[in-house]
Amino acid sequence: QVQLVESGGGLIQAGGSMSLSCAASGRSFVTTSVMGWFRQAPGKAREFVAAIGWGGGRATLSDSVKGRFSASRDNSKKTIYLQMNNLKPDDTGVYYCASKNRPLYSDHLEENYDYWGQGTQVTVSP
């Protein structure tokens with residue numbers, strides 16, 4: 001099992017910045033896994049936001065957040081981060097981190113992820 005714990009959500013005004021964290025632990029945790037960020041707005045399907053691997057390489061981002069969000073990792077802390085800048089009301093939703101042990105499978109599809117955090121609410125007011 002892998003345990004994922006998100007933190008850092010809250011209420012913020014449009015144009016502001018917020019950082020989310022996701023700490024990973026557990027016996028099934030492997031450094032070859034890929035970590036993803038997804039979000040789900042009220043009444044909408046969960047969507048891909050970003051992905052980053054523990055082993056190196058740049059993060060991938062969805063088109064809707066490119067230029068505003070960035071993903072990073074701290075291997076020593078087994079923690080990934082999502083830095084969100086210039087937030088918009090459309091960014092409102094529950095943000096989830098997830099772990100995928102099959103790096104060759106698409107990072108963008110939630111069904112390819114094996115473990116999920118409990119989610120953290122991000123609300124962006126106009």
Side-chain angles (χ1 to χ4, degrees):
Q1 289 290 326
V2 174
Q3 288 78 46
L4 303 173
V5 179
E6 302 102 335
S7 59
L11 174 65
I12 193 166
Q13 281 192 322
S17 297
M18 181 181 287
S19 180
L20 304 181
S21 302
C22 174
S25 63
R27 285 192 283 181
S28 298
F29 172 80
V30 293
T31 56
T32 55
S33 63
V34 172
M35 300 298 293
W37 286 102
F38 288 76
R39 67 185 181 188
Q40 187 167 23
K44 294 187 177 181
R46 191 152 53 183
E47 64 172 352
F48 170 79
V49 175
I52 188 167
W54 293 107
R58 298 173 62 180
T60 57
L61 299 163
S62 68
D63 289 342
S64 61
V65 305
K66 277 181 183 175
R68 301 188 297 122
F69 290 15
S70 62
S72 62
R73 64 184 176 270
D74 185 332
N75 288 25
S76 65
K77 295 181 180 179
K78 295 182 183 176
T79 300
I80 62 168
Y81 305 94
L82 185 67
Q83 177 64 40
M84 306 183 291
N85 299 325
N86 190 21
L87 282 159
K88 304 175 181 180
D90 284 349
D91 295 319
T92 293
V94 179
Y95 282 69
Y96 299 89
C97 71
S99 175
K100 175 166 69 74
N101 290 341
R102 295 164 288 181
L104 297 182
Y105 285 57
S106 171
D107 294 340
H108 292 231
L109 300 179
E110 61 174 299
E111 56 262 35
N112 290 337
Y113 287 78
D114 304 290
Y115 302 100
W116 292 83
Q118 80 286 355
T120 185
Q121 176 71 44
V122 173
T123 303
V124 185
S125 62

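If you read the sequence from its start, that first residue is 1, and numbering goes on from there.
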Going from OG on S17 to CG on L87, what distance comes out if it is rounded to the nearest 0.5 angstrom? 6.5 Å

Distance-minimising heavy-atom pair for V94 and G119: CG1-CA, 3.8 Å

Check whether any side-chain heavy atom of M84 sits under 4.5 Å from a side-chain heavy atom of I12, and report yes or no. no

Heavy atoms, side chains only, cut-off 4.5 Å: are M18 and L20 in contact? yes

So do Y105 and E111 actually touch side chain to side chain, heavy atoms under 4.5 Å? no

Measuring only between side-chain heavy atoms, which start at C-beta, is S25 closer than 4.5 Å to K78? no

Between OG of S7 and OH of Y81, what distance do you get to the nearest 0.5 Å? 9.0 Å

Please identify which of these residues, Y95, Y113, Y96, meets the ring-ring contact (aromatic ring centres under 6.0 Å, His included) condition with F38. Y113

Do we see a donor-acceptor contact under 3.5 Å between the side chains of D114 and S99? no

Compare every heavy atom of W54 with every heavy atom of T79, then report the nearest pair and how far apart it is. N-CH2, 3.4 Å

Mind listing the closest non-hydrogen atom pair of L4 and A24 along with its distance? CD2-CB, 3.6 Å

Output for pair (Q121 CD, T92 OG1), nearest 0.5 Å, gives 7.0 Å

Heavy-atom side-chain proximity of C22 to W37 below 4.5 angstrom: yes

Which residues pass the side-chain hydrogen bond (donor to acceptor under 3.5 Å, both in side chains) test with Q118, not counting sequence neighbours? E6

OG1 on T60 to CG on D107, rounded to 0.5 Å: 5.0 Å

Mind listing the closest non-hydrogen atom pair of P89 and A14 along with its distance? CD-CB, 4.0 Å

Plane angle bin for H108 and F48 - parallel if under 30°, tilted between 30 and 60°, otherwise perpendicular: parallel

Taking all non-hydrogen atoms of both residues, which atom of L82 and which atom of A50 are closest, and how far apart? CD1-CB, 4.1 Å

How many angstroms lie between CG in N85 and OG in S19, if you round to the nearest 0.5 Å? 9.0 Å

Which residue pairs satisfy the salt bridge (Lys or Arg N to Asp or Glu O under 4.0 Å) criterion with at least one member in residues 89-99, sequence neighbours excluded? R39-D91, R68-D91

